[in-house]
Protein chains: 2
Amino acid sequence: MTYTYEYSRPNLAVDCVVFGLDEPNSLKVMLIRRSLPPFQDQWALPGGFVRVDESVDAAARRELQEETGLKDVFLEQLYTFGLLDRDPRERVVTIAYYALVNLQEHLIQAATDASEAGWFSITQLPPLAFDHNEIIAVAIARLKGKVRYEPIGFELLPKKFTLSQLQTLYETVLGMPLDKRNFRKKILKMGLLIELDETQTEVAHRAARLYQFDESTYRQLKEKGFNFEL
Amino acid sequence: MTYTYEYSRPNLAVDCVVFGLDEPNSLKVMLIRRSLPPFQDQWALPGGFVRVDESVDAAARRELQEETGLKDVFLEQLYTFGLLDRDPRERVVTIAYYALVNLQEHLIQAATDASEAGWFSITQLPPLAFDHNEIIAVAIARLKGKVRYEPIGFELLPKKFTLSQLQTLYETVLGMPLDKRNFRKKILKMGLLIELDETQTEVAHRAARLYQFDESTYRQLKEKGFNFEL
DNA sequence: TCAAAAGTGTTCCGAATACACCCATGT
DNA sequence: ACATGGGTGTATTCGGAACACTTTTGA
């Protein structure tokens, strides 16, 4: 079965930049090794072609699950890359997405996936296939910008987290140190954290209190015009 | 001549949301009347299909010029709309762009273009073809957000403008009144406006001083980490 | 008892806000 | 002379930034 059109059509793909936060404050991206040409054996973003019977969002989710095992994660459209020579085979326009996952919970799945996959620090990326280095650069810029005025950073942490973890996350993503007391004051004043009756376990020092992001309160405040801003 | 592929491919289009600022503080969008089905005779965004030998950005600029006569305007990618049933004919994914133009300078061109074109207040839009109402909603949200931390608002004004015009622009886009003295203090302190030795002409009251946006100073400051913010 | 991180308040400074009158110009 | 918008300064408030020590816990 083949499909014939009056005019030549670009092929349409999706690519996903999956961010994870590694314990000693470094931001990582998940890459997979290509098993087919072009760029065979090079590292690349997970992605693939959009089918005619699925939405672009659905294609991004499908490819993410097929290639990395990830599902039910934060996934948002990033930008569409449409230059002529992105792909040496033929004209391909790709719609890039970025995902935020809790690396601890998802480490295993990625490693056991059929194709080789791995997490790479964003400061030490290998040369990637296609224009994927550029796509990642755009994704990092977006993440840095967005993390300040939307509470998306929580997606990178476990459901229950300490204030220090949260602060380290922001320091890592923003690439700057933050004052501990000011950070706590500000984030607690927003009223978006639920203080749990639990503390850390198995740490060799005073155990920190655990918190949880208050999704429903955030939605309510947002409707009333509240702006998250750190 | 026809083109045959192994798999069915979505068709790829671009659409442009062109914003203009009308004198008595109202934000307008340029629409064109469709001369062909589907949605014949309905209003729609200027746009069309991406050719295989042009980049997506180039396609947006080409369509904009072909359908509205506009060229050399601020044009930036907005979002890609990829739901299944956007177009009743076949699967079409569209990459939306938004443009900012000085309405005074561009009014004539639009009106004299071959296909019928017109400026519509964003508060009184007619029902549009496809999902174009949704695209415009996304574009308005983007403009509101971006105008505060990037100096793109100037694109909506003539090169030489008064501080009152600038203030009215922000009040219009943001949909809120601003204090005159505070606004002037803040915008002048940034050092991004060149005070000209010219004033308004042909106004029935005291003529206001004209200013110009200082593009090169802005680029320099931006490299040093300066953040425009209003 | 030591190491390591948790937790906690106050002062200071700069920016945002609120606010009202005189000035210049064309009709 | 009057109508219309242009242009200007100060006092107050609020939020951001800087800053150091005590507490808890496990090893």
Side-chain angles (χ1 to χ4, degrees), chain A residues 21-25 147-149 157-158 160-172 174-212 221 225-230, chain B residues 21-26 104 147-149 157-158 160-172 174-212 221 225-230:
Chain A
L21 192 71
D22 208 0
E23 266 311 323
N25 58 17
V147 86
R148 300 195 73 136
Y149 62 90
L157 294 178
K160 300 172 180 183
F161 51 84
T162 69
L163 292 182
S164 289
Q165 285 178 305
L166 188 60
Q167 180 176 344
T168 302
L169 151 66
Y170 275 97
E171 289 177 331
T172 302
L174 299 177
M176 57 167 76
L178 301 172
D179 180 85
K180 183 161 62 160
R181 282 175 287 193
N182 293 337
F183 178 82
R184 285 167 184 241
K185 228 184 304 171
K186 193 161 176 182
I187 199 87
L188 288 175
K189 181 138 62 121
M190 289 189 209
L192 292 175
L193 296 187
I194 300 169
E195 185 175 328
L196 301 174
D197 284 332
E198 289 178 70
T199 53
Q200 277 180 312
T201 55
E202 299 167 37
V203 286
H205 53 77
R206 176 172 175 181
R209 159 151 274 127
L210 292 172
Y211 291 82
Q212 203 176 312
L221 286 174
F226 167 83
N227 270 325
F228 179 91
E229 193 174 333
L230 199 134
Chain B
L21 192 70
D22 208 0
E23 266 311 323
N25 59 15
S26 95
Q104 276 69 332
V147 86
R148 300 197 72 136
Y149 62 91
L157 294 178
K160 302 172 179 181
F161 50 85
T162 69
L163 292 183
S164 290
Q165 284 178 304
L166 187 60
Q167 180 176 345
T168 302
L169 151 65
Y170 277 96
E171 290 177 331
T172 302
L174 298 177
M176 56 167 76
L178 301 172
D179 180 86
K180 182 161 63 161
R181 281 174 288 192
N182 295 337
F183 178 83
R184 285 166 184 240
K185 226 184 306 174
K186 191 160 176 183
I187 198 89
L188 288 174
K189 182 137 62 124
M190 290 189 207
L192 293 174
L193 295 187
I194 300 169
E195 185 174 328
L196 301 174
D197 285 331
E198 290 178 70
T199 53
Q200 279 180 311
T201 54
E202 300 168 36
V203 285
H205 52 77
R206 176 173 174 180
R209 161 150 273 128
L210 292 171
Y211 291 83
Q212 204 176 311
L221 287 175
F226 167 83
N227 270 326
F228 179 90
E229 192 175 333
L230 200 133

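Sequence lines set the chain letters: A, B, ... in the order given, protein chains first and strands last, and positions in each chain run from 1.
Between B:Leu169 atom CG and B:Phe161 atom CZ the span is 9.0 Å, to the nearest 0.5 Å.
For B:Asp179 against C:dA16, a side-chain-to-base donor-acceptor contact under 3.5 Å is absent. Evaluation of atom-type donor-acceptor distances gives a pair under 3.5 Å for the side chain of A:Lys180 against the base of C:dG7. Taking 3.5 Å as the limit, the base of C:dT17 and the side chain of B:Lys185 contain a donor-acceptor pair of atoms between them.
Nearest-nucleotide positions on DNA chain C for A:Ala204 and A:Leu188 put A:Ala204 closer to the 5' end.
By the 4.5 Å heavy-atom criterion applied to side chains, B:Leu163 and B:Leu188 are counted as neighbours.
Across A:His205, A:Lys160, A:Arg209, a single residue satisfies side chain to side chain contact (heavy atoms under 4.5 Å, CB included) together with A:Gln200, and that is A:His205.
Closest approach to the B:Lys186 side chain among C:dA5, D:dT8, C:dA16 is made by C:dA16 (side chain taken as heavy atoms from C-beta onward). Closest approach to the A:Arg206 side chain among D:dT4, D:dT25, C:dT8 is made by D:dT25 (side chain taken as heavy atoms from C-beta onward). Nearest to the side-chain atoms of B:Arg181 among the listed nucleotides C:dG9, C:dA6, C:dC19 stands C:dC19.
Within the 4.0 Å cut-off from OP1 or OP2 of C:dA6, not a single side-chain nitrogen or oxygen of A:Arg209 is found. For C:dA6, one of the phosphate oxygens OP1 or OP2 lies less than 4.0 angstrom from a side-chain nitrogen or oxygen of A:Ser164.
A donor-acceptor distance shorter than 3.5 angstrom exists from the side chain of A:Gln167 to the backbone of A:Leu178, with no hydrogens or angles considered.
Look at CD1 on A:Ile187: it is 12 Å from P on D:dG16, rounded to the nearest Å.
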